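Everything numeric here is computed off the predicted structure, so don't read it as measured data. Throughout, a chain's letter reflects where its sequence line sits, starting with A, and its residues are numbered from 1.
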Amino acid sequence: MVGRTVQSLDVYGPRTLRRHPPGPADFIARIVGCRVEAACRRGKYLWLPLSPARVTGERGWGPATSGEAPAVIAHLGMSGQFLAVEPGAPDEPHLRARFSFTDGAPELRFVDQRTFGGLALEWLDHPQAPPPSVAHIALDPVDPAFDRTSVHAALRRRRTGLKRALLDQTLVSGIGNIYADEALWQARLHYARATESLRRPEVERLLDAVDNVLRAAMAAGGTSFDQLYVAVNGESGWFERSLEVYGREGEPCSRCGAAIRREPFMNRSSYRCPRCQRTPREPRW
DNA sequence: CACTCAACCTGCCGGC
DNA sequence: TGCCGGCAGGTTGAGT
């Protein structure tokens, strides 16, 4: 999409547009005619810095100072996806937004069944910096600037369980329920391990595991249990076949053969090997 | 400030 | 067949 100019934009459904009091018509007017300058991501947030800034739209809502570039912000929520689709292809059942471009390139479609995801428009303080609503999201372990020492320090300051910390996107981003369980299994750590008791070698082991899992998952095109989770070209990822514990209740651990266990955790599920990932003496659930 | 948990939605699956 | 409870990959904001 980078370098293309938005020709038209359609927004469907009352929950698609977030944090935009002037409403969808204003949102659309501010974006149509802009060129996409870049495509950025942090955790599950994605954003497209736009140029040039346009004066269209309702007065009384806009950048704090002139010269700030607008950006479309998206969060995929639980079931959101971006698809690149040829213009004229049938609408998807849960189509929420359609960006079409002046050069007739494939449309960018935002599709979301459960509507936990959404779009917003924000202004960037600096072209390279994440937009305000993304500023609190930490770097992910795959980011070249990711700093293990500060993560270790942050973990030691916390008084919580390890998986809770892994799922806290202000600490480390990019890790959801699946990849948390996979990384904990690989690092042989229990999800209720107290973060303040973690020693540096264990943190290294854990972050190595997270890094391995994320890179392997990306190389496989992600984890697809169904058509809700496909790449931008509509293809399914194959990482589901590589999962060691997630969704594998009762199956043997590939390391030791013990039956994988599923346990309720934070209104979801955690999967672990009861032998490789022993319950700590002083767990923090 | 650190932490926990309900709420936000739709759809699918298994059990009755 | 249909209804119901449980579950699903995430974030937020209110409450403790």
Between [atom2] on [N] and [atom1] on [X], what's the gap in Å once rounded to a whole number?
{"X": "Gln227(A)", "N": "dA8(C)", "atom1": "CD", "atom2": "C1'", "answer": "16 Å"}
{"X": "Arg42(A)", "N": "dT11(C)", "atom1": "CZ", "atom2": "C1'", "answer": "16 Å"}
{"X": "Glu249(A)", "N": "dC13(B)", "atom1": "CD", "atom2": "P", "answer": "18 Å"}
{"X": "Met78(A)", "N": "dT12(C)", "atom1": "CE", "atom2": "C1'", "answer": "13 Å"}
{"X": "Leu155(A)", "N": "dC3(B)", "atom1": "CG", "atom2": "C1'", "answer": "15 Å"}
{"X": "Asp112(A)", "N": "dA8(C)", "atom1": "CG", "atom2": "P", "answer": "18 Å"}
{"X": "Arg157(A)", "N": "dC3(B)", "atom1": "CZ", "atom2": "C1'", "answer": "15 Å"}
{"X": "Asp168(A)", "N": "dT11(C)", "atom1": "CG", "atom2": "P", "answer": "10 Å"}

Inset, instruction - Please confirm whether Arg42(A) makes a cation-pi placement over Tyr45(A), using NZ or CZ under 6.0 Å from the six-membered ring centre and within 45° of the ring normal. - result: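 Not flagged: Arg42(A) not positioned over aromatic ring of Tyr45(A).
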Inset, instruction - Identify whether NZ of Lys or CZ of Arg in Arg255(A) sits under 6.0 Å from the centre of the six-membered ring of Trp185(A) and within 45° of that ring's axis. - result: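 Yes; both conditions hold, so Arg255(A) lies above the ring face of Trp185(A).
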Inset, instruction - For the residue pair Phe265(A) and Arg164(A), establish whether any side-chain heavy-atom pair is separated by less than 4.5 Å. - result: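 With C-beta onward as the side chain, the pair touches.
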Legend entry - Selected nucleotide, minimal atom distance to His75(A) side chain, candidates dC3(B), dA8(C), dT11(C):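 That would be dT11(C).
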Legend entry - Parallel, tilted or perpendicular: rings of His20(A) and Phe27(A) (30°, 60°):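 If you compare the ring of Phe27(A) with that of His20(A), the planes turn out perpendicular.
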Legend entry - Residue among Glu263(A), Arg261(A), Lys163(A) satisfying side-chain hydrogen bond (donor to acceptor under 3.5 Å, both in side chains) with Ser270(A):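 Result for side-chain hydrogen bond (donor to acceptor under 3.5 Å, both in side chains) with Ser270(A): Lys163(A).
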So what does [X] touch, heavy atoms closer than 4.0 Å: a base, only the sugar-phosphate, or nothing?
{"X": "Phe225(A)", "value": "base"}
{"X": "Asp226(A)", "value": "base"}
{"X": "Arg262(A)", "value": "sugar-phosphate"}
{"X": "Tyr45(A)", "value": "sugar-phosphate"}

Inset, instruction - Check whether any side-chain N or O of Glu244(A) sits under 3.5 Å from a backbone N or O of Gln186(A) as a donor-acceptor pair, and report yes or no. - result: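 No.
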Legend entry - Connected hydrophobic set around Val111(A), excluding itself, where side chains approach under 4.5 Å: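 Hydrophobic cluster check, Val111(A): joined to Tyr12(A), Leu83(A), Val85(A), Leu95(A), Val230(A).
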Inset, instruction - Between Ser224(A) and Ser133(A), just flag the one whose closest nucleotide in DNA chain C comes earlier from the 5' side. - result: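 In this pair, the answer is Ser224(A).
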Inset, instruction - Give a yes or no on whether a salt bridge exists between Asp26(A) and Arg30(A), defined as a side-chain N under 4.0 angstrom from a carboxylate O. - result: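 So Asp26(A) pairs with Arg30(A) through a salt bridge.
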Legend entry - Sidechain N-carboxylate O distance under 4.0 Å for Asp112(A), Arg96(A):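 Salt bridge flag = no for Arg96(A) with Asp112(A).
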Inset, instruction - Considering only atom P, compute the distance from dC3(C) to dC9(B) and round it to an integer number of Å. - result: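 Looking at atom P only, dC3(C) and dC9(B) are 23 Å apart.
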Legend entry - dT12(C) versus dG11(B) - spacing of their P atoms, nearest Å: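 Here dT12(C) and dG11(B) have their P atoms 24 Å from each other.
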Inset, instruction - Would you indicate, yes or no, if dA8(C) has its OP1 or OP2 atom less than 4.0 angstrom from a side-chain nitrogen or oxygen of Ser269(A)? - result: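 Ser269(A) to dA8(C) OP1/OP2: side-chain N or O found under 4.0 Å.
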Legend entry - Pair pattern of DNA chain C in dot-bracket, where unpaired bases get dots and | marks partners in another strand, Watson-Crick or G-U under 3.5 angstrom: .|||||||.|||||||
Inset, instruction - Do nucleotides 4-11 of chain B as a string where each nucleotide becomes B, S or -: B if the base has a protein heavy atom under 4.0 Å, S if just the sugar-phosphate does, - if no protein is that close. - result: SSS-BBBS
Inset, instruction - Return yes when atom CD of Glu235(A) has more than 12 non-hydrogen atoms of other residues, nucleotides or ligands closer than 6.0 Å, and no otherwise. - result: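 No, the 6.0 Å shell around CD holds no more than 12 heavy atoms from other groups.
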